[in-house]
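Below you'll find the structure, written out as C-alpha cells, and then a few comments.
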Protein chains: 2
Amino acid sequence: MTGIVDVAARAGVSVATVSRALRGLPGVSAATRQLVQDIAAELGYVASPSAAGLPTGRTGAVAVVSPIARGWYFTAVLEGAQEVLAQHGYDVLRYDLSEVETNRRKVFDTQLLRKRADGLLIMSLPLDADEVAALHAMHRPVMVVGPIVPGIPTIRVDDVEVGRQATRHLVELGHRSVAFAGGDPDDHLGFPVSPDRRLGYAEVLREAGVEPDPRLTVPAKFTVEAGIAAYEELASRDVRPTALFAVSDEVAMGVMYAARQRGVRVPEDLSVIGVDDHDMSWLFGLSTVAQDVREEGRLAAMALVERLRSGIDTEPSITTVPTELIARTSTAPPR
Amino acid sequence: MTGIVDVAARAGVSVATVSRALRGLPGVSAATRQLVQDIAAELGYVASPSAAGLPTGRTGAVAVVSPIARGWYFTAVLEGAQEVLAQHGYDVLRYDLSEVETNRRKVFDTQLLRKRADGLLIMSLPLDADEVAALHAMHRPVMVVGPIVPGIPTIRVDDVEVGRQATRHLVELGHRSVAFAGGDPDDHLGFPVSPDRRLGYAEVLREAGVEPDPRLTVPAKFTVEAGIAAYEELASRDVRPTALFAVSDEVAMGVMYAARQRGVRVPEDLSVIGVDDHDMSWLFGLSTVAQDVREEGRLAAMALVERLRSGIDTEPSITTVPTELIARTSTAPPR
DNA sequence: CTGAAAGCGCTTACAG
DNA sequence: CTGAAAGCGCTTACAG
C-alpha cells in the first residue's frame with residue numbers, strides 16, 4: 001500500500017505539502033503541486049478515507065436509506081442519487097429497514113450513522129417524532145425524498161395534484177363513477193401519499209358535480225398483490241365503476257390483472273390509471289401520472305452535496321418536481 | 001460524540017479494556033465486561049470505523065459492484081447480499097459501472113478499493129485479464145455472482161442446463177421449430193451466459209432429432225426493448241417458429257409484446273419461455289426457468305463473510321445454484 | 001510557499 | 001486480568 005510518506009519521499013517534500021497539493025488547497029506553488037500530482041498518479045496513491053477521516057471527522061460517504069431493499073421506486077431514486085454522489089467523489093452506503101425494528105434503530109442511532117456518513121438521504125419513509133429528533137441530533141445534513149418531514153429539506157411531488165391529474169383525465173373522458181385504490185389501513189404514522197392523492201381525486205370529482213362514493217374507495221398498499229386484492233374487494237361490493245384510479249402503477253397492474261381474470265375488459269369495461277410511469281408500465285399500455293424519480297434522486301443528492309460542500313445549513317426547503325399525465329391504452333371513454 | 005475515553009472514564013478502566021470488552025476479546029473478567037457493556041449501551045457508544053480501521057486496516061465495509069445501477073437481477077442479488085452483510089455488521093458500499101470507463105477504472109483501482117472495503121462482491125460482470133489481475137493484486141477476498149472468473153470463487157447457475165430445461169419443456173410440448181433470442185454481438189469479452197444457454201438449447205434440439213436452424217437464432221441483450229427488436233428481426237426472416245426461448249424474462253416480455261402487436265397470439269401461435277422468474281413474470285403468465293437470485297446474493301455474501309472472518313483464502317470454488325422450470329400460460333403444444 | 005509536530009480515536013503488542 | 005504507550009495514516013494549526 002502506497003502511503004502519503006511514499007509520495008512525499010519520492011517528491012522530496014513533506015507529507016503536509018503532499019496533502020495540500022493533492023487536495024487543491026492554496027499555499028502550494030504550481031510547480032510543486034504538479035510534481036506531487038504526477039508522482040501520486042505514478043504511484044497510484046489514494047488517501048485512505050479512514051486515515052483522512054480521523055482528523056477531519058468526515059467519512060466521504062453518504063448513507064442512502066430506504067424502507068425496503070428493492071422496489072422500482074427506491075432503486076430509481078438510488079440510481080439518480082448515486083450518479084450525482086459518485087461524480088462528487090462520495091461513496092454510497094446503502095441501508096434498508098426491511099430487517100425489522102433492529103435495523104431501524106440502527107439507522108436512527110445518532111452515533112452510529114454520524115461516525116459512518118457525512119450526510120443522509122432518506123427515501124419515502126414515514127418517520128415518527130423520535131426519529132426526526134434523532135436525525136437532527138446527528139448534526140449531519142439530511143435530505144428526504146418523498147413525504148414532507150418537519151425541519152428537513154424535501155424533494156417531492158405534489159400528491160394532491162397527482163390525484164387531480166389522474167382523476168381529471170378520467171373525468172374528461174366522461175367517467176363519473178370512478179373508484180380509488182390506495183391507502184394503508186395499517187399505517188399509523190400518517191404517511192400522506194395515499195391520502196393526498198385521494199384528496200385530489202375527491203376534489204376533481206366534486207368539481208365535476210360528483211360526490212365521491214365511499215364504497216368506491218378500497219385500500220391498497222403499493223404492490224401488485226394489493227392491487228389484485230383491491231379489485232377483488234371492489235368486485236365483492238355492490239358497485240360497478242367505469243374507471244379506477246390506482247395509487248401507483250404496481251397497484252394498477254394488479255387491478256388490471258384481477259379484472260381480466262374475471263373477464264372484465266380494460267379499458268372497454270373499466271378504465272385504469274396509475275401513478276409513477278414504472279419501467280414496465282408501457283408494456284401494459286397503462287395510462288399513468290408520470291414522475292421523474294431518477295431526477296428526484298439527483299436533485300436530492302445535489303442539494304446534499306451542496307450543503308456538504310458549503311457547510312451551511314440552509315433553511316429546510318421543499319422542492320416540488322412536476323408530474324405529467326401519460327395517456328395510453330388502459331383508459332378510454334365509458335361505453 | 002461519545003468516544004472510547006468517555007466509556008473508559010465512566011467505567012474506571014483503561015481504554016484498552018473497553019476496546020477488548022466491547023469486541024468480545026478474551027482476557028477480560030466477566031464482571032468488567034458486563035460493566036463496560038452496560039456503560040457503553042447507556043452512553044450510546046459505538047466505535048468509529050475510521051478510528052478502528054486505521055490500526056487494523058479493516059474498514060468494516062464490503063463493496064458490491066454491478067454493471068448498472070438498476071435492473072431486476074442486480075437489485076435482487078444486492079438484496080440477498082445486503083441481508084447477510086448487515087446481519088454480520090458489515091456496511092454495504094455500492095458501486096456501479098454505468099458511468100463509463102472512468103468509473104470502471106475507479107472500481108478496479110487496487111489502492112482505492114482496498115482502502116475502502118474489506119471485501120468485494122462482483123455481480124455478473126465480464127472482466128478482462130487486467131481487471132482480474134487488479135482484483136488479485138488487491139489482496140482482499142472477492143466473490144463473483146454469475147460468470148466463472150479464473151481464480152475467483154463464484155456463485156452461479158448452470159447456464160447450459162438452463163438452456164436444456166427451457167428447450168426440453170418446449171420439445172416435450174411437441175415443438176420442433178424453436179427460435180432462440182439471446183446473445184450480444186457487441187460483447188467482446190466472451191460473456192458466456194447467452195452462449196451457454198444456447199448450447200443447452202442446441203443440445204436438446206439435437207437429441208430430439210432437430211438440427212438447430214441458424215435463421216431461428218436472433219441476437220438480444222437482456223432488455224425488454226431487445227426482445228421487441230429480436231421478434232421484429234425474426235418476423236422479417238422467412239421462418240415461422242412455433243416456439244421461442246428467450247435468454248431472459250425481460251427479453252421474453254419484449255417478444256410477447258411485439259408478437260401480440262402483430263396479431264400473433266401467445267401461446268396459440270407462438271409459445272414463449274424465458275429465464276429468471278422476474279418479479280413481474282407471473283403477471284404475464286410467462287413460463288420460465290426460475291433462478292433464486294436473492295439466494296445467490298446471500299450465498300455469495302455468506303462465503304465472503306466466512307473468508308473475512310477466518311482470514312483463510314480457500315481454493316476458488318464454484319457453487320452452482322439449481323434452477324427450476326415453471327410452466328405458466330405462455331407455453332402450450334403447437335397447434 | 002513549506003515543514004515539524006500534534007492530534008484525530010481507536011487497536012495491539014508488551015509488561016506486569 | 002489489566003494498563004501504559006506506541007502506532008495506524010492522514011490533516012491542520014503554528015512557525016518560519
Side-chain angles (χ1 to χ4, degrees), chain A residues 1-37 39-40 43-61 89 91 110-118 311, chain B residues 1-37 39-40 43-61 89 91 110-118 311:
Chain A
M1 282 288 89
T2 318
I4 197 171
V5 294
D6 302 307
V7 180
R10 183 77 167 273
V13 298
S14 71
V15 295
T17 298
V18 173
S19 175
R20 284 188 285 250
L22 258 23
R23 284 177 306 137
L25 296 186
V28 183
S29 75
T32 307
R33 190 184 303 275
Q34 190 60 56
L35 174 71
V36 170
Q37 282 172 344
I39 290 179
L43 265 40
Y45 168 76
V46 214
S48 149
S50 296
L54 241 198
T56 59
R58 274 178 249 115
T59 65
D91 279 332
T110 314
Q111 311 233 15
L112 193 145
L113 218 50
R114 184 174 164 69
K115 286 177 176 172
R116 279 174 159 70
D118 295 343
Chain B
M1 282 288 86
T2 319
I4 197 173
V5 295
D6 302 307
V7 180
R10 182 77 167 272
V13 298
S14 72
V15 295
T17 298
V18 173
S19 175
R20 284 189 284 250
L22 258 23
R23 283 178 307 136
L25 295 187
V28 183
S29 76
T32 307
R33 190 185 301 275
Q34 190 60 57
L35 174 70
V36 170
Q37 282 172 344
I39 289 180
L43 266 40
Y45 168 75
V46 213
S48 148
S50 296
L54 242 197
T56 60
R58 276 178 246 113
T59 63
D91 279 331
T110 313
Q111 311 234 14
L112 193 146
L113 219 50
R114 185 174 164 69
K115 287 177 175 172
R116 280 175 158 70
D118 295 342

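A, B, ... follow the sequence lines: proteins, then strands. Residue 1 opens every chain. We use all heavy atoms of the structure for the numbers below, so side chains are in, but hydrogens, waters and symmetry mates are not. Just so you know, these numbers come straight off a predicted model, no measurement behind them.
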Hey, does A:G27 reach any base, or is it just sugar-phosphate, or nothing, if we go heavy atoms under 4.0 Å? base

Looking at every strand, decide which applies to B:T32 at a 4.0 Å heavy-atom threshold: base, sugar-phosphate, or nothing. sugar-phosphate

Listed in order of residue number, which residues of residues 13-22 of chain B have a non-hydrogen atom at under 4.0 Å from DNA chain D? B:V13, B:S14, B:A16, B:T17, B:R20

Closer to the 5' end of DNA chain D via nearest nucleotide, is it A:R23 or B:T56? B:T56

What would the secondary structure line of DNA chain C be in dot-bracket form, counting Watson-Crick and G-U wobble pairs under 3.5 Å, with [ ] for pairs that cross earlier ones and | for pairs with another strand? |||.||||||||.|||

Which residue lies toward the 5' end of DNA chain D, B:P26 or A:R58, if each is placed at its nearest nucleotide? B:P26

Are A:R116 and A:L112 packed together at the side-chain level, in the sense that at least one heavy-atom pair is separated by less than 4.5 angstrom? yes

Got a sec, which pairs hit salt bridge (charged side-chain N to carboxylate O under 4.0 Å, His left out) with one end in residues 43-56 of chain B, sequence neighbours left out? none

Is a side-chain N or O of A:R23 found less than 3.5 angstrom from the main chain of A:V18, in a donor-acceptor match? no

Mind checking the OG1-CZ spacing from A:T59 to A:R114? Nearest 0.5 Å is all I need. 10.5 Å

Could you tell me the separation between the CG atom of A:L43 and the CD1 atom of A:I4, rounded to the nearest 0.5 Å? 12.0 Å

Footprint ends on DNA chain C, 5' to 3', for atoms under 4.0 angstrom from a heavy atom of chain A, come out as C:dC1 to C:dC10

With sequence neighbours excluded, what pairs up with B:T2 under the side chain to side chain donor-acceptor pair (under 3.5 Å) test? A:Q111

So, taking the atom named CG in A:L35 and the one named OG1 in A:T17, what distance separates them when rounded to the nearest 0.5 Å? 10.5 Å

How long is the straight-line distance from CG of A:L54 back to CG of B:L54, given to the nearest 0.5 Å? 5.0 Å

Heavy-atom check, side chain of A:Y45 versus side chain of A:I39, under 4.5 Å: no

Output all residues satisfying side chain to side chain donor-acceptor pair (under 3.5 Å) with B:S50, sequence neighbours left out; order by chain, then residue number. none

